[in-house]
Structures are given as structure tokens and as C-alpha cells.
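Here the structure is laid out as C-alpha cells; the discussion comes afterwards.
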Amino acid sequence: EELGRLPVRMNMRWRVEGVERIPAHGPVLLASNHISYFDPIAIGYLADRAGRRVRFLAKAELFEKRFMAAVLRKMGQIRIERGSGDIGALDRATAALRAGECVHVFPEGTISDEFEPMAGKTGLARLAKTAGVDVLPVGLWGTHRVIPPGEQKPERWRTPIVIVVGEPIPVAPDANPREATDR
């Protein structure tokens with residue numbers, strides 16, 4: 001674990017704002033944009049800076065290879081069948097939040113094409129409502145340069161990466177999931 005932290009810390013130029021908004025203890029639900037396969041590493045770095053360990057809702061396809069599945073399970077990641085209304089994954093994420101853990105969701109459910117925001121899936125709002133927690137929005141930029149989409153050449157050394165944690169967004173128990181997700 002520590003071996004992985006050093007290269008990530010040294011080889012990027014990190015600018016992190018709002019890390020103090022992530023509580024040291026208790027449940028926290030992070031939600032960020034998704035522009036690169038490097039995003040989970042950036043969110044992991046953010047959580048580490050806040051003294052937290054993060055659990056991701058990870059697409060089921062990542063669990064298809066035996067080695068990768070074993071690593072993801074060991075790390076406590078939550079398998080989700082995208083586009084299926086996977087209630088079991090939301091139940092597992094709710095249990096993690098109720099146990100005081102830090103959970104992360106990519107509301108769009110996939111990497112954004114051409115960095116244009118897509119409509120988020122309502123699972124984020126349903127999870128926040130069920131667990132009774134606010135959503136901490138996180139903006140990522142620069143991760144697309146480390147592992148770029150398509151055929152672009154990566155910039156792996158000293159790449160500037162910006163992570164901004166916004167103000168908590170409350171999701172009321174009676175909130176409309178579509179409106180809450182859009183907010």
C-alpha cells in the first residue's frame with residue numbers, strides 16, 4: 001500500500017482544494033466527474049490526504065478477471081451491475097456508509113465523452129437518501145492527461161492534477177431522485 005503512495009505523490013503536481021470538508025470520521029459520500037481511468041487513483045489520493053480509505057462502486061466488468069476481482073474484493077470495492085438498477089450494490093454501499101465508511105460514486109456511471117457532462121444516474125441520490133448522508137461533490141481535472149481517452153499520448157511525469165471538494169449537498173428524505181441527482 002505504501003509503495004503505491006510514493007509514486008503517485010511524487011510523479012504528479014497535485015493541487016487539492018477543500019480536503020478539510022471531508023470529515024475524519026463517520027460516513028461520507030463522495031461523487032465526482034469521470035474523465036479518465038486515472039480518476040479512482042486521484043480520488044484515492046484525496047481520501048488518503050483526508051486520512052480516509054475510500055470504497056468505490058466499481059463496474060461489474062472489472063470483476064471478470066480473477067486477479068483483478070481478488071484485488072478489488074481485498075480492497076473492499078463494491079461491485080455494481082451498471083444500468084440494471086442493482087439494488088444489492090446500493091444496499092452494500094448503504095451498509096458501508098452506516099458503518100461510518102467513505103464511499104465514492106461516479107454519478108455518470110462511465111467516462112465522459114469529450115469531457116462534456118452527462119446526466120447522472122439516480123443511484124447517487126437514492127443512496128444518499130437511504131443512508132441519510134449529504135453528498136460531497138468533487139471536481140477532477142488533469143487526470144485525462146495521465147490516462148487520456150482514445151489515442152492521445154499520455155503525460156505521466158509531473159502532470160498537473162486539480163481536485164476540488166465542494167460544499168456538501170443535502171438530499172432530503174423526500175427529495176425527487178432525478179432533481180437531487182441533477183443538483
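Quick note: residue numbers are just sequence positions, from 1.
Residues F56 and Y37 fall within the same hydrophobic cluster, defined by Ile, Leu, Val, Met, Phe, Trp and Tyr side chains chained together at heavy-atom separations under 4.5 Å.
A pairwise comparison of heavy atoms in G100 and R52 identifies O-NH2, 2.8 Å as the closest pair. Heavy atoms only, all atoms of each residue included: R53 and C102 are closest at O-CB, 3.5 Å. In terms of heavy-atom proximity, F38 sits nearest to M12 at CZ-CE, 4.1 Å. In plain terms, the two heavy atoms of L127 and L90 that are nearest each other are CD1-O, 3.9 Å. Taking each heavy atom of G18 and V165 in turn, the nearest pair found is O-CB, 3.4 Å. Of all heavy-atom pairs between V171 and A180, the closest is CG1-CB, 4.1 Å.
Between I43 and V138 the shortest side-chain heavy-atom distance falls below 4.5 Å. Residues K129 and P177 have side chains in contact (heavy-atom distance under 4.5 Å, counting atoms from C-beta outward). Side chains of V103 and V133 form no contact here, defined as non-hydrogen atoms less than 4.5 Å apart. Contact check for I163 versus W141: no side-chain heavy atoms found under the 4.5 Å cut-off. Proximity of P40 to F106: side-chain heavy atoms (C-beta onward) are separated by under 4.5 Å at one or more points.
Distance check, rounded to the nearest 0.5 Å: CG of L46 to CD1 of I41 gives 14.0 Å. Summarising the geometry, atom CZ belonging to R145 is positioned 8.5 Å from atom CD1 belonging to I35; distances are rounded to the nearest 0.5 Å. Note that CG of L57 is 14.0 Å distant from NZ of K121, once rounded to the nearest 0.5 Å. Residue H144 holds its NE2 atom at 12.0 Å from CD1 of I111, rounded to the nearest 0.5 Å. We find the CZ-CG distance between R92 and L97 to be 13.5 Å, quoted to the nearest 0.5 Å.
For the side-chain hydrogen bond (donor to acceptor under 3.5 Å, both in side chains) test, residues two or more places apart in sequence or in another chain that qualify with T143 are D39. Partners of E17 under the side-chain hydrogen bond (donor to acceptor under 3.5 Å, both in side chains) rule, at least two apart in sequence or in another chain, are R15.
Applying the salt bridge (Lys or Arg N to Asp or Glu O under 4.0 Å) test to residues at least two apart or on different chains, the pairs with a partner in residues 171-183 are R178-D182.
Proximity of a side-chain donor or acceptor of E101 to a complementary backbone N or O of A99 within less than 3.5 Å is not detected. Listed for the S36 side chain is a donor-acceptor partner under 3.5 Å among the backbone atoms of I147. No side-chain donor-acceptor contact under 3.5 Å links E108 to the backbone of G120. A donor-acceptor pair is defined here as one N or O able to donate and one able to accept, closer than 3.5 Å; no such pair exists between the side chain of D134 and the backbone of P168.
Of the listed residues (V28, L29, I169), just one forms a side chain to side chain contact (heavy atoms under 4.5 Å, CB included) with L136, and that residue is V28.
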### Query
Do I161 and V16 pass the side-chain contact (heavy atoms from CB on, under 4.5 Å) test, and can you show the C-alpha distance, the side-chain angles, and the key distance before you say yes or no?
CA-CA 8 Å; I161 296 177; V16 179; over 6 Å; no
### Query
How far apart are the C-alpha atoms of L30 and I22, what are their side-chain angles, what is the distance that settles it, and do they pass the side-chain contact (heavy atoms from CB on, under 4.5 Å) test?
CA-CA 9 Å; L30 303 173; I22 300 174; 4.3 Å; yes
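Remark: the S32 side chain and the H104 side chain contain an N/O donor-acceptor pair separated by less than 3.5 Å.
A salt bridge between E167 and R21 is present, with a side-chain N of the basic residue lying under 4.0 Å from a carboxylate O of the acidic one.
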